[in-house]
Structures are given as C-alpha cells and as structure tokens.
Amino acid sequence: MIDKQAVLQAFNFRHACKTFDPERKIPDEDFRMILETGRLSPSSFGFEPWRFLVVQDMALREKLRAVSWGAQGQFPTASHVIAILARKEDMRPGSDYTENFMRNVQKLSDEGIARRHTFYPQFHETDFQLQEPRALFDWSCRQAYIALANMMTAAALIGIDSCPIEGFNQRNAEAVLNEAGLLEGGRFGLAVMVALGYRINPQPVKTRQTLEEVVRWT
Ligand SMILES: Cc1cc2nc3c(=O)[nH]c(=O)nc-3n(C[C@H](O)[C@H](O)[C@H](O)COP(=O)(O)O)c2cc1C
C-alpha cells in the first residue's frame, strides 16, 4: 500500500494545468498505466458506458480547440488528450450492448441475467427515471467522470499533469467528432475531455473551502 502522505501530495500536485511543455511527451508505459486506471474504474451495474478516445491527430485537436473555449492553451501543448465518450441508447435495459455485456464481459449466469432483467429496468424507470434521452446520457456521463478523476489522480501519482476540459460547446464538439466518424453515428456522445502532459509554469496556490465547511456529520 502506498503511503498516505504520498497520496495527499499527489492531490496537492494535481491542478488544472493550463499550458504544458510542448517538448515533453508522456512515455507510452506511463500513458498506458493512466488509461488502465480509467479501464478499471467502477460504473453503475458495471456496464462501463465509456470510450476513451485518444486524440493525437493535431488537426483534429485543432478542430476541437476551435469549439473549446476552455482548452485554448492545453490542446496545442498537451502530450496527450483524451476525449471521454459516453454511451447513449446502448444503456437501455434489453439493448444488445447490455445483453452482450452481461453474457460475454461479466459472464453472468442465466440466473444472474434474469435477476438483472428485473431490477435494471426498475432502476431506469422508477429509481433514477432515465427514460429521457438526456437523462440517460447524463447518467452515462456521470460515470465517465469517475474514470476522468481516476485517470487524473493516477497521472498525478506518477508526476504527470492534467487539465479536465468541460469548456466546450457540446453540440459543436460532437459535430467535429461525428464528422471524423468517431461517435459511431450517435451511439456515443462527448462527456468530457482531459489534457495530459508536463507543466511549464509554476502551479498556482490551491484554494479550497475548509473540511469543516464541506463535511457534515450526523
Ligand atoms: C469537470 C471539470 C471541467 C473543467 N473544465 C475546465 C476547462 O474546460 N478548462 C480549464 O482550464 N479548466 C477546467 N476545469 C478546471 C477547474 O477550473 C479547476 O479544477 C478548479 O478551478 C480547481 O482548481 P485546481 O484543479 O487547479 O485545484 C475543469 C474542472 C472540472 C472538474
């Protein structure tokens, strides 16, 4: 197990890095490790509603930058950019995606699948009310953000900087990705992006509310 102070040090080291050193590239092994922490992230029902699209094509990055006010300094300088895509209609109960997932990825027994056929629709219809396409996509996105957080923390733990990017026009950014054939005809939407690399400027002072302000005990 890793030392507690080392974990906190990584959380303090991580900041929203606005400009990266364009000369420094993340070694393949390190980048793979970061992706692996995304892959191993938890998701609701374990259905992994994400895809990690690594955008190394600078022309595509430039097109995305044009519709991303929050990534002006990050996209041209980052060693790597990941667009985290989230599934849409695939997440509905009874979809080919979920059925195939239960059998071939999760390897559930027939009994396990039958149980899911009861409570997964109930979760969608009653518990979380995911009937609206936007509600469904947002639910996928919430899970994509868990993978985002894990990848940023993993990066910080090995001395790599990052910046989460939500500063984009979703419709326009999705149009760019769709035109490049990367959304599988609307099967995926764009949840969030993250730029990774090495800082070129000193880190600003971190500001946060105190623990007393953000925690309530009952
Ligand atoms: C989901 C999400 C989206 C964000 N989008 C952007 C962005 O588009 N551009 C940017 O420069 N920072 C972005 N940020 C960074 C936040 O502004 C930053 O995390 C916050 O101000 C706290 O600062 P710190 O991360 O440096 O501690 C985003 C953060 C999160 C969590």
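Only a predicted model underlies this, so the values are computations on that prediction, with no experimental measurement involved. Order of appearance sets the numbers: ligands from 1, and atoms from 1 within every ligand. Just so it is clear, the values below take in all heavy atoms, side chains as well, and ignore hydrogens, waters and symmetry mates.
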Here's one to test your reading of the geometry: is the NZ or CZ of R87 within 45 degrees of the ring axis of F101 and under 6.0 Å from its centre?
no
Treat each ILVMFWY residue as a node, draw an edge where side-chain heavy atoms are under 4.5 Å apart, and state whether F45 and Y97 are in one component.
yes
Take every heavy atom of W69, measure it against each atom of ligand 1, and state whether any distance is under 4.0 Å.
no
Hey, is CD on E179 packed in by over 12 heavy atoms from elsewhere, all under 6.0 Å?
no
Show which atoms of ligand 1 fall inside a sub-4.0 Å distance from at least one heavy-atom site of C163.
10 (C), 11 (O), 12 (N)
Would you verify that at least one protein heavy atom lies under 4.0 Å from atom 24 (P) of ligand 1, or report that none does?
yes
I'd like to check which ligand 1 atoms, numbered from 1 as shown, lie under 4.0 Å from a non-hydrogen atom of Y145.
1 (C)
For R14 and ligand 1, answer yes if some heavy atom of the residue is under 4.0 Å from a ligand atom, otherwise no.
yes
In the protein, which heavy atom is nearest to atom 3 (C) of ligand 1, and how far is it?
E166 CB, 3.2 Å
Does the protein put a heavy atom less than 4.0 Å from atom 17 (O) of ligand 1?
no
With nothing but distance in play, are any N or O atoms of K206 less than 3.5 Å from an N or O of ligand 1?
yes
Residue Q74 vicinity, atoms of ligand 1 by number, heavy atom under 4.0 Å:
10 (C), 11 (O)
Closer than 4.0 Å: a protein non-hydrogen atom to atom 29 (C) of ligand 1:
yes
Tell me, yes or no, whether the heavy-atom count around F11 atom CZ, taken from other residues, nucleotides or ligands under 6.0 Å, exceeds 12.
no
Look at atom CG of D28 and say whether more than 12 heavy atoms of other residues, nucleotides or ligands are closer to it than 6.0 Å.
no
More than 12 non-hydrogen atoms from neighbouring residues, nucleotides or ligands closer than 6.0 Å to CD on Q131, yes or no?
yes
Heavy atoms only: which of S162, S68, P204, A16 is nearest to atom 19 (O) of ligand 1?
A16
So for atom NZ, which belongs to K4, do other residues, nucleotides or ligands contribute more than 12 heavy atoms lying within a distance under 6.0 Å?
no
Ligand 1 to K18 polar contact by distance, N or O atoms, under 3.5 Å
yes
Any N or O of A71 closer than 3.5 Å to N or O of ligand 1
no
Please state which protein non-hydrogen atom is closest to atom 9 (N) of ligand 1 and give its distance, to 0.1 Å?
G70 O, 2.8 Å
Indicate the atoms forming the closest heavy-atom contact of L177 with L85, along with that distance.
CD1-CD2, 4.1 Å
Among G167, P164, A195, which one puts a heavy atom closest to atom 13 (C) of ligand 1?
P164
Mode of R208 contact toward ligand 1 - side chain, backbone, both, neither (heavy atoms, under 4.0 Å)
side chain
Just checking, any donor-acceptor pair under 3.5 angstrom between side chains of N100 and N104?
yes
Quick one: sort the F123 and W139 rings into parallel, tilted or perpendicular, breaks at 30° and 60°.
tilted
